[in-house]
K.L.:
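Sharing a structure below in structure tokens format, with a few things to ask.
Every heavy atom of this structure was used, including side-chain atoms; hydrogens, water molecules and symmetry mates were not. Everything numeric here is computed off the predicted structure, so don't read it as measured data. Ligands are counted one by one from 1 in listed order, and the atoms in each one are counted from 1 as well.
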Amino acid sequence: MCWKRSGARRGVCTRQPAPRVRFAPSPTGFLHLGGLRTALYNYLFAKQRGGAFILRLEDTDRTRLVPGAADAIEDMLEWAGIAPDESSRRGGDYGPYVQSERLPLYSQAAASLLQTGHAYYCFCSNQRLDLLKREAQRSGHVPRYDNRCRQLRPEQVQEKLARGVPRAVRFKLDAGAEPFRDAIFGWTRHEVAAVEGDPVILKADGFPTYHLANVVDDHHMRVSHVLRGSEWLISTAKHLQLFRALRWTPPVYAHLPLLLNRDGSKLSKRQGDIFVQRFREQGVLPETLLDIVTHAGSGFDDNRIGRRLDELVREFNISKVATHSALLDLDKLDEFNRIEDEEKCAALRDELRQHVLHTHGSQISDRAVLEPQYIQRVLQLRKGHICSLRELLNHTYAYLWIRPRVTRQQLQEVSAEAENIVAAVIRLMASGSSIESTERLNAELKMITSRLNNTKYSGVMRVLRLALSAQQNFCCYKGARRQSRSVIVEALLTVFSSRPQNHLLWMHRNR
Ligand SMILES: Nc1ncnc2c1ncn2[C@@H]1O[C@H](COP(=O)(O)OP(=O)(O)OP(=O)(O)O)[C@@H](O)[C@H]1O
């Protein structure tokens, strides 16, 4: 392999075929940040080598299915910019991409294992299995199946089958353990038969368990590399035994460290506050979430933030993925969540438009604020200042979308020259001068100030601030309460350059 970890035998780096990697969540809940990171690393690994990123839904645990979760998982991958190349939505040559639609493949594999003597029918009732479990717990042992049905003679099996006794299929675990080399954890060895009873691979309802379905699908979908959470490391010995028994070549395994909550517990679907969807609803930017999850872990030469997706693809280095789990630091969210470049702004336009419509809908009298150029302008001017799109919807920024309610009297209370200031600015706008930069606008406003009697630049700013926003102060971003003139100039510039019917003009006509 070209990406051997240190300690592994150095081999000749031969050209590898493009990898096929899969992200295989169960739709038992929505995508959370831990799942997002595992999906991202699969994506990065595939894209870096010109391979395919596959989404396979593991929905064999029918009791825990959450309606809508399957679609929502793919929606969130798309939103994060890491859409799969193959999935049930996108299609592909190796479908179906949902396990419940692949049942015949699992029955065939189970039948083949039964035939070659690697599996057997288990007729044990749930009551017996419960009893075993309770006895083990009472005596302080880890519960495990006692492999009783392994000992059934062929005629006993036939008799039970003929009577229609409910049965599962169990895989015969080999004693002993062959080591295998995990691409992240290095050489690993686990004597699974010493601690576990023979696992069920096909349940009485005809559905496979995770172990069989995983192996069968990875084989038939030609998955070359499995990058999954490290909670599966211990099961890998079992999966390799299944591959061997079925005479199939296993994929390369790479177990990724888990993302943990502050209290050290694994992020899980049962914890709504870390759902990707939740962050999206709060207006958090997709790039920010990718930053957060990559920053928490490892896999890069350095831990800088603000990488674009193509940079993540280029810079991802699987040999740098650590084996220890990482704590998720959501306090970093603000730091990460800045709109940094124009490319990202463009992608966010539609989303912001939806948010604006949703928040201010009926109050919007000036439809030009919904035009892409205007929204783009707002994003460009606010980039670097806001932490999330949602901030652009709170009252501080309402002036960007709806007309502020300010009366002539209120303006006059701020300055006796209010009337003249507004009139001069409106003349400037009407003159058709192209004012594209804050510097230029600043200069013009200073010029206006110099023509007024007894009014300082700060007085002009106060009037304009009130006229534009109905606010005495601008609080421009979380944690930084500023009354900065440049903010007023910027706001004015936004209104100036992109809104045909701007507030000042409107006020002038309707006072
Ligand atoms: N906290 C986590 N950190 C990193 N990867 C994770 C984390 N949780 C799950 N994964 C990985 O994401 C993939 C999809 O996981 P899955 O859909 O089973 O989510 P889950 O949170 O483990 O589910 P559940 O909470 O129901 O156990 C798996 O490869 C899994 O190992």
K.L.:
Closer than 3.5 angstrom, by distance alone: can the side chain of D198 be matched with the main-chain N or O of L173 as a donor-acceptor pair?
P.N.:
yes
K.L.:
Taking 4.0 Å as the limit for heavy-atom contacts, which would you say applies to T38 with ligand 1: side chain only, backbone only, both, or neither?
P.N.:
side chain
K.L.:
Counting only nitrogen or oxygen atoms and a 3.5 angstrom limit, does L259 reach ligand 1?
P.N.:
yes
K.L.:
Can you tell me how the ring of Y210 sits relative to the ring of H239, calling it parallel under 30°, perpendicular over 60° and tilted otherwise?
P.N.:
tilted
K.L.:
What are the two closest heavy atoms between A109 and V216, and how far apart are they?
P.N.:
CB-CG2, 3.6 Å
K.L.:
Backbone, side chain, both or neither: what part of T28 comes under 4.0 angstrom of ligand 1, heavy atoms only?
P.N.:
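T28 to ligand 1: side-chain contact only, backbone stays beyond 4.0 Å.
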K.L.:
Using atom types as modelled and distance alone, determine if a side-chain donor or acceptor of Y94 lies under 3.5 Å from a backbone N or O of D217.
P.N.:
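Absent.
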K.L.:
Number the atoms of ligand 1 from 1 as they appear, then name those within less than 4.0 Å of a heavy atom of H32, with their elements.
P.N.:
7 (C), 8 (N), 9 (C), 20 (P), 21 (O)
K.L.:
Considering only heavy atoms of P25, which atoms of ligand 1 have at least one such atom less than 4.0 Å away?
P.N.:
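In order of numbering, the contacting atoms are 14 (C), 17 (O).
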K.L.:
On the six-membered ring of F123, is R163 placed so that its NZ or CZ lies under 6.0 angstrom from the centre and within 45° of the ring axis?
P.N.:
no
K.L.:
Within the 4.0 Å heavy-atom shell around F23, which atoms of ligand 1 are there?
P.N.:
12 (O), 13 (C), 14 (C)
K.L.:
I need the atoms of ligand 1 closer than 4.0 Å to a non-hydrogen atom of L258, numbered in the order shown.
P.N.:
2 (C), 3 (N), 4 (C), 5 (N), 6 (C), 7 (C)
K.L.:
Hey, does G34 come in under 3.5 Å of ligand 1, counting only N/O atoms on both sides?
P.N.:
yes
K.L.:
Cation-pi between R37 and Y41: NZ/CZ under 6.0 Å from ring centre and within 45° of the ring axis?
P.N.:
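Because its charged atom sits under 6.0 Å from the ring centre and within 45° of the axis, R37 does stack over Y41.
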K.L.:
If you measure from each heavy atom of L256 to ligand 1, is any distance below 4.0 Å?
P.N.:
no
K.L.:
May I ask you to list the atoms of ligand 1 that are less than 4.0 angstrom from any heavy atom of G35?
P.N.:
12 (O)
K.L.:
Strictly under 4.0 Å, does any heavy atom of S26 approach an atom of ligand 1?
P.N.:
yes
K.L.:
Could you tell me if any non-hydrogen atom of R64 lies under 4.0 Å from any atom of ligand 1?
P.N.:
yes
K.L.:
Going by side-chain contact (heavy atoms from CB on, under 4.5 Å), L36 matches just one of I292, L259, V276, I73. Which one?
P.N.:
V276
K.L.:
Any donor and acceptor pair, going by atom type alone, linking the side chain of D218 with main-chain N or O of V223 inside 3.5 Å?
P.N.:
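Checking the backbone N and O of V223 against the side chain of D218, no donor-acceptor pair under 3.5 Å is found.
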K.L.:
Which ligand 1 atoms are under 4.0 Å away from a heavy-atom of R228?
P.N.:
29 (O)
K.L.:
With heavy atoms under 4.0 Å as the rule, classify the contact between E231 and ligand 1 as side chain, backbone, both or neither.
P.N.:
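Near ligand 1, E231 shows its side chain, while the N, CA, C and O stay back.
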K.L.:
Would you say the ring centers of F171 and H211 fall short of 6.0 Å from each other?
P.N.:
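Between H211 and F171, which both carry aromatic rings, the centre distance is not below 6.0 Å.
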K.L.:
Do H255 and T236 get their side chains close enough for a donor-acceptor pair, meaning under 3.5 Å?
P.N.:
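Per modelled atom types, H255 and T236 side chains form a pair under 3.5 Å.
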K.L.:
May I ask you to check whether A24 has an N/O atom sitting below 3.5 Å from an N/O atom of ligand 1?
P.N.:
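Between A24 and ligand 1, no N or O pair is found under 3.5 Å apart.
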K.L.:
Please identify which atoms of ligand 1 are closer than 4.0 Å to at least one heavy atom of W232.
P.N.:
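In order of number, 31 (O).
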